[in-house]
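Just so we're on the same page: letters track the sequence lines, and every chain starts at 1. Note that this is a predicted model, so its numbers are computed, not measured.
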Amino acid sequence: MCAKTFKGGIHPHDYKHFSNHKAIEIFPTPEKLYIPLVQHIGRPAVPIVKVGDEVKKGQKIAEAGGFVSIPMHSPVSGKVTKIGPYPHPTGTIQHAIEIENDGKYDWISELQDDENYYSLSSDKMKERIQEAGICGMGGAGFPTHVKLSPPENRPIDTVILNGVECEPYLTSDHRLMLEHPEEIIEGLRIIMKVLGAKRGYIGIELNKKDVIIIFKQMLRDHKNINVVSCQLRYPQGAEKQLIFAATKRKVPAGGLPMDVGVVVQNVGTAFAIYEALRYHKPLIERITTISGAIVNEPKNLKVPIGTPLSQLLEFCGGTSEDIAKIISGGPMMGFALPDLEAPATKTTSGFVFMGEKEVVDTTEATCLRCGRCVDACPMNLLPSFIADKVKNGQYEEAMKLGILDCIECGSCGYVCPSHIQLVQWIKIGKIEANKLKRQDK
Amino acid sequence: MLLVSIIVLSVLGILFGIALSFASKVFHVEIDPKIEQIEEVLPGVNCGACGYPGCAAYAEALVVSGADPTLCAPGGDNVAAKIAKIMGTKASKKERKIAVIHCQSGGIDNTKIKFENKGIATCQAAILLSNGQNACTYGCLGYNDCYRVCPFDAISIDENNMRIIDEDKCTGCGKCVEACPRDLIELVPISKKVHIQCMSHDKGKDAKANCGNNTACIGCGLCVKKCPVNAITLENNLATINYEKCVSCGLCATVCPTKAIEDRIIIRPQPIIIEENCIGCTICAKKCPVGAIDGKVKKVHKIDEEKCIRCGICIDVCPKKAIEAKS
Amino acid sequence: MKAIQEFTKGIIKENPVFVMALGLCPVLAVSTSVQNAIGMGAAATFVLVCSNIFISLLKNFIPSKVRIPCYILVIASFVTIVDMAMEAYVPPLHKSLGIFIPLIVVNCIILGRAEAFASKNGVFKSMLDGLGMGVGFMLAIIVIASIREFLGVGTILDIRILPASYKPMIAAILPPGAFITIGLLMGLLSILQNKKKSKA
Amino acid sequence: MDFSTLFIIIIGSIFVNNFVIHRFLGLCPYIGVSKKMDSAFGMGMAVIFVMTMASTITWLIYTFFLNKATSIFGIDLTFLRTIAFILSIAVLVQFVEMVIKKAAPELYKALGIYLPLITTNCAVLGVSLLNINENYNFIESIVNGAAAGVGFTLVLVLMAGIRERLEYSKVPKSMKGMPISFIVAGCMALAFLGFSGMKF
Amino acid sequence: MKDFIRPTLVLLIICVISGAILAFIYQQTAPLIAENKLKAEEAARRLVLPDAEFFKPVSDSSEVLYYEGYSADSTLVGYIFSCVQYGYSSDVKTIVGLTPELMISAITVVSQAETPGLGANCTKDDFTAQFTGKNPDNIYVDKDGGDIQSLTGATITTRAVTNAIRDAFQKLQDRL
Amino acid sequence: MNLVNVSSSPHLHEQVNVRRVMWTVVIALLPALIAAYLFFGWRSILITILGVVAAVGTEALVQFLTKRPITISDGSAVVTGMLLAFNLPPLTPWWIPVVGSIFAITIGKQIFGGLGYNPVNPALLGRAFLMASWPIQMTTGWATKLANAGVATVSGLKQTLITGGNAQLQNLITSATPLNLAQQIRGDIVAGTAGDSARTIFHQLSSLDYIKELFWGNIGGCIGEVSAAALILGAAILVYKHYIEWRIPIGYIGTVAFLSWMVGGIDGLFSGPILFHIFSGGLILGAFFMATDMVTSPVTKNGRLIFGIGCGLLTVVIRTWGGYPEGVSYSILIMNIATPLIDKLTPQKTFGYRKKSNK
Ligand SMILES: Cc1cc2nc3c(=O)[nH]c(=O)nc-3n(C[C@H](O)[C@H](O)[C@H](O)COP(=O)(O)O)c2cc1C
Ligand SMILES: Cc1cc2nc3c(=O)[nH]c(=O)nc-3n(C[C@H](O)[C@H](O)[C@H](O)COP(=O)(O)O)c2cc1C
Ligand SMILES: Cc1cc2nc3c(=O)[nH]c(=O)nc-3n(C[C@H](O)[C@H](O)[C@H](O)COP(=O)(O)O)c2cc1C
Ligand SMILES: Cc1cc2nc3c(=O)[nH]c(=O)nc-3n(C[C@H](O)[C@H](O)[C@H](O)CO)c2cc1C
Ligand code: SF4
Ligand code: SF4
Ligand code: SF4
Ligand code: SF4
Ligand code: FES
């Protein structure tokens, strides 16, 4: 069988050996948790607790701020000590609820085991997913119940589970798939049922052969679900690229997967969906990889949402030398953080630490017009031209060149011999371009 | 020979003369009279030196999209002046405004940073990375976006990477105001010389701790109390001067404990009343913010030098020019 | 403005070639030798002065609708006169300047001065203006031609300057040499101007 | 009709003896209207049109009025060619401009605005004179006019492309604008030497 | 109507004046120009056939084929013909003088627009002198195995001159 | 804790930078230089060194005078100097590479702002300038050496010449590179002024034996273009490193192959000697090292293909009908000039791009 892929992209070294053999460990819940009200795309959640309130584990502490939003739940029992600005793993400052752990771990109501979850109606399922506060765990954090409610005129026939995990260093999805394959398949079946989809795929990159074998075995009696083994190529995990690899369908530029009848969900999301349906368990913890050459014991951890990074690092034995860069997420798309304060959120797939030697020089030279960025771009854009336009404030021109179609995968920046900070230019340009777009409307 | 050549040319001349006059009549198209006027003043060489395809196009660009009136090379200053006249110079009588940067930080040795910013070296880019590298999330990022956009070279950078605005060169075009992502720059009437050089809304302690220059506004309110004309308001831990009221007396600067207020007037001359000119109109006395003028109607007024803050308002208001500044 | 300034402005401040970049074709085309440059400069100056005088004389007589054809007629007449005179009295020069003599008609400087200056000013001023512009034009071609002839042949005005062992840089008298020379000269001029400005 | 002659004329006027960078005709707009690709293209189209028209009309005037052998007067009036040509070109352009402006405002927006620039473009008069000098017949003249226009457009558009790109470059301040454009023109001229000496 | 008349009239007047002046000057200069032309041609002919005092054109029905040159005592001292061929970038026109024995007495290049410094050197005496005394029927450029030394870096021009002479001569040969 | 670094993603980077690319090109050019040494002797190395030193020196000087950072260590000036020298005859006077490099770096590169901003290939611009200025020095420097090499390797050819007895043609070979020879012979044949021996020579030129000589470099030519084998070896490094991409060289060579087959022959259409055209002259050098100069070639993918094809087309046109025997440098220069236009006219379709569909 020939592995599938897309056009463009790059081949970075994957650095997964630090943690891909480490079983998931459960991280002991810390003293204090900081639960940001924004962990997803859409409106921020609205707190429904006050400072001083006692909360139980699993208790809803913030309500969805609208349809495209999700509720937040407390991962521990304890006391709300503060609601205010706090560092966020995207490098920004966001409002967060601070909860002091009382060490009792009292659930608000014991988890029920609802074995008949699969016979629930599709609407009921969606409701439960919505209540559990699930958003996409593959990175962007799009509220899952929204994704599962496509408009009438966009029938979905295919669901793809994204287990590609093409970001270097990260192994959380890998371990999850290895340790909980059945739950993930169940999750996928639920999604397919909700959407009425006939086909399911699980996309996995070839560097996770063990997982591919397991899934192949387990899927023998699910004729409508297939494993798609994908070539090692970044950004194989990006939605449009994965859809292309699995189905040869091209999501239209500026369009959504549903335009071609596909929904993509991360394997972690599928797992969370399964737990929500079967056990009524809200999304209060996730698997996160702590890795990097300088981390003494890289690990895959199951962490309660809101755990500050400093504690996670401590649990992994600290670092062997001074930290030169802290990255939340993978090194290709993640955010560099100024300190260790930020907490893990629902979308945090990992933290990577780099020492002085690994940090790349980011001084820009002049663009050679070599076109390597063009060759690397999986969206077939012209990154160097776009950056030129942004530098000169010609945002409209940049829009004509498709700046808004950029998925910020970083392939272009990775290959640029002049170290042009293409992605940052594009991010700046996107902000301005979106402003223009809104003005036009 | 002579005759034939005359005939040939004449025939051509008549033919063309008629053709042109005819055409200009028949094919006449209404246009903005201003465009026509400008076309008249333009040399009509159609050399393209202005960058537009021909004089008519330039005239249109001038009227329609407000092109620069000084682009005509053959016409030179002369034509530029005439164009300006036709366009009706919108020279407003308002006072000239210049840009003022409300932050004293952002230099090499007077900025506290939280992390090393290795991203693109522009202010616009810097705020996207963890909200900028400096500890003060309100202060100047020091990447000089303002300097780069200024079309008049009015901003210069000193050895400490601090931005200095040349009051003579600045035209108040506002480009830098737009460019600054921290909104630190404000256009201020040129006569106003006292400025609060901080934009931090942090609480006093934090503001001071984060400021690399230790000149943050800590929101103590001393200036508010001192201001003789109530021009300062304190809101959200930050004092702001209302320039409409401010008389640039500089008193606030003298009381600010953190030197967050800059007084650009080095020496304020003492106003002195020239007795023979004073007609005792009491205008100055009424206007004096500190009541330092003793003004009885129709009597020569007196200035109490103790009370006087040398704001100079009296000099400006005196209808008889009876008050003079003495250093 | 003083009369003398009408004359001098054309030489440096408003130099038609370097500053206004007008009338470039003859400048580049005939600047392969200093001799040609002088010939062209003189011819253009003559036309410029004469047409300026005439147009300023006729300025009230000509209706605006046909002013351009009228100016062109005046200019073309003088050009033809120059053309014929040169052919009659200095045939070699006439030959080497080629079609660029009749092309003086369309030299933007001439029509430009007619429109921008002569049609609005008195006869004397117009004459001085024409003379100044003409001299400025001539000087510009001579400068360019000197450089090109010097590098490309090793002579100036056919007098050998560089030793015969100098291998002439033929490119200098080819089109690329013309473009690059004028480009560099303009750059140099703007450096000098910037210096002056920053001093002032 | 000998098509190979026409082919040679076309190739010659577009590439080998390109009007702008080999013959130095039409430099003012070449430098002036090459800032933006769009306007360069519009200008080019207008020039093609006018050059073709001018070639046609001037050939007719020359043949039937001025040339002794073919003229209806039977006397040699060739000395009037400059004045007759330029007058007819100027009027032609002005006339066409007015007509287009009224009849086809869209076309005028796209091309017409460039028309006035063309009167004082030496390329137009140049092509008329060259047609006579080269003894081209009627068809050859028209073809040469069009080809010269195409050659002009080609280099104008290429130049505009490069200049648009130079906007993003760090050209030294004193070389910005006109000076660097001439250097680019020099580079183009050097490259176009590759066509020189071409024979079929 | 006035709109029409005045412009037309002005244009007409200027045309008339221009036409008159130009025609006048033309009448003054035309003879001079014609004379110049003749003189130049004559000078060229004299150059290539110095012995001749006067020349007699020999024409085909319409065009002049060649000239015969006569000394003062009307003896035939040689022939003169002109020839042209495209060189590197222009037509190169040469005038050739022949002795009565049909050997080249001298040549001169009268018009060309070859590259200055290269092909344009073909007008120089050093170059033209080498043709003197050669048999026009058998001249070749050195690169083609003949003994006409080509101008350095300008073989094409040299070839144009040489081949033009040879071709023209071969065409005329029978009629001389 | 010391201050950490913060920058935008990606935080990983391929081990590549300008310096590495440029010096790799230098290394990739070395085999050709060694070949030149073997065939032409020390002089070719001397000329190359002079070119490089002058280029680097000029770059440093200009940057010093204009108060810009001095970037000679990035190696781009070295590449320029080297490639310029590679385009010169081995026996050219010593000052030719020096003057050429000075021109190439000042007018060709620094005046536009330095590396990355020049619109045309500096080395080729330098060569075009030298060619226009000193055509004699630029076209005669290989004569003697070729004569020797020619005797040894093209002996069969020489035999034909002598026995064929056409004195005119014999002269040709002493002064020309193979392409020059082919062009002139072909010209004569097409014009009908050449004898049978000319035809034989022409066929000899395209014989496999002779192609072999061309391939290994046993012929006359410029310093760098002599050995196709050495050049291909160097190009392989660049291709392997992804520093050059297939579209330009393949488009270029492919077009030359097709068109020279079509019009380059003496027996009517489609009889041209393909391999002869590919391996002679500077085509291999140009296609792999000069047309691929990224600064002066298009950025878009289709643009690069068009660029390559355009170069090929012009090369064949100039080789067949032009005033020069060799069209590679001029065709690349001309396409350089067209590069911004090509970039503009070949926008890329975003992945998933569709024409406005009715929503
Ligand atoms: C504004 C917005 C609206 C979206 N609407 C839908 C939707 O209606 N249906 C859907 O399936 N996905 C929707 N998505 C989700 C995207 O398809 C995609 O899954 C999400 O942006 C995360 O993708 P990523 O992790 O590749 O960035 C939407 C996303 C955004 C940003
Ligand atoms: C460049 C890029 C790489 C991505 N890589 C992955 C990946 O490796 N694994 C993954 O689950 N999602 C990845 N995503 C996110 C997916 O596009 C998509 O949003 C996600 O699979 C949707 O599922 P979710 O809504 O459950 O998160 C990537 C997105 C981008 C833009
Ligand atoms: C700018 C330039 C101008 C040239 N002008 C001429 C010329 O006028 N006459 C000529 O025969 N060759 C001219 N050449 C052609 C070359 O010098 C050509 O190599 C030469 O004619 C043939 O070489 P050879 O004379 O060494 O055999 C010119 C070349 C260039 C680059
Ligand atoms: C593959 C490749 C090819 C190059 N080719 C050239 C070349 O032909 N000429 C040149 O001057 N520089 C060349 N360079 C070097 C560099 O790009 C050149 O100096 C820039 O054009 C200067 O801005 C090349 C570099 C690379 C990586
Ligand atoms: S332009 Fe955007 S989509 Fe393309 S490679 Fe760069 S970051 Fe990825
Ligand atoms: S990879 Fe870098 S240097 Fe190359 S074209 Fe893209 S931005 Fe420019
Ligand atoms: S940008 Fe405008 S407002 Fe700002 S300093 Fe410059 S001239 Fe003044
Ligand atoms: S733009 Fe604003 S933040 Fe940037 S340097 Fe200027 S004042 Fe400071
Ligand atoms: S002088 Fe030729 S176009 Fe201006």
Side-chain angles (χ1 to χ4, degrees), chain C residues 29 31-33 36 50-51 54-55 57-96 98-99 148-149 151-155 166-175 177-178, chain E residues 1-44 88-91 93 109-121 123-124 126 151-154 157:
Chain C
S31 59
T32 48
S33 75
N36 283 356
C50 294
S51 60
F54 265 74
I55 285 165
L57 279 175
L58 296 177
K59 63 177 183 278
N60 296 324
F61 172 69
I62 297 173
S64 80
K65 225 171 267 167
V66 289
R67 66 180 201 269
I68 301 279
C70 290
Y71 297 165
I72 288 181
L73 269 173
V74 173
I75 296 168
S77 305
F78 285 111
V79 170
T80 311
I81 292 171
V82 170
D83 194 11
M84 291 190 289
M86 276 184 137
E87 196 172 2
Y89 299 109
V90 273
L93 188 60
H94 180 265
K95 206 172 149 194
S96 64
I99 68 164
R148 292 181 67 191
E149 190 181 335
L151 291 176
V153 189
T155 63
Y166 169 72
K167 303 268 183 310
M169 184 198 284
I170 297 169
I173 44 175
L174 295 180
Chain E
M1 206 50 213
K2 210 173 146 246
D3 287 355
F4 279 62
I5 292 174
R6 207 172 110 92
T8 315
L9 215 60
V10 171
L11 212 54
L12 177 70
I13 294 170
I14 297 183
C15 279
V16 170
I17 299 174
S18 295
I21 295 178
L22 289 183
F24 175 72
I25 295 188
Y26 176 72
Q27 278 168 349
Q28 299 302 302
T29 55
L32 268 174
I33 294 173
E35 196 183 322
N36 280 339
K37 229 182 208 157
L38 285 177
K39 260 196 206 149
E41 284 173 16
E42 177 97 7
Y88 181 78
S89 55
S90 66
D91 278 331
K93 188 173 171 197
V109 177
V110 286
S111 86
Q112 51 82 27
E114 300 287 278
T115 317
L118 285 175
N121 285 347
T123 56
K124 298 230 160 112
D126 316 356
L151 289 158
T152 22
T157 311

Chain E contact via C:Phe61 - side chain, backbone, both or neither, heavy atoms under 4.5 Å:
both

Where E:Val110 and C:Lys95 come nearest, the two heavy atoms and their spacing
O-NZ, 3.0 Å

Which atoms form the tightest heavy-atom contact between E:Asn36 and C:Tyr89, and what is the distance?
ND2-N, 4.5 Å

With respect to chain E, which residue among C:Pro168, C:Ala88, C:Ala85 yields the maximal number of heavy-atom pairs within a distance under 4.5 Å?
C:Ala88

How about C:Tyr166: does its OH atom have over 12 heavy atoms from other parts shown lying under 6.0 Å from it?
yes

So, taking the atom named CD in C:Glu87 and the one named CG in E:Leu32, what distance separates them when rounded to the nearest 0.5 Å?
10.5 Å

Here the pair of heavy atoms bringing E:Leu22 nearest to C:Ser77 is CD2-O, 3.5 Å

From CD1 (C:Ile170) to CG (E:Leu118), nearest 0.5 Å
3.5 Å

If you draw a 6.0 Å radius around NZ in E:Lys93, do more than 12 non-hydrogen atoms from other residues or ligands fall strictly inside?
no

Given heavy-atom pairs under 4.5 angstrom as the criterion, report whether the side chain, backbone, both or neither of E:Ile17 touches chain C.
neither

Looking at C:Thr32, C:Leu73, C:Leu58, which has the largest count of heavy-atom pairs under 4.5 Å with chain E?
C:Leu73

Nearest 0.5 angstrom please: E:Ile13 CD1 to C:Ile62 CD1, how far?
10.5 Å

Atom CG of C:Asp83 and atom OG1 of E:Thr29: how far apart are they, to the nearest 0.5 Å?
9.5 Å

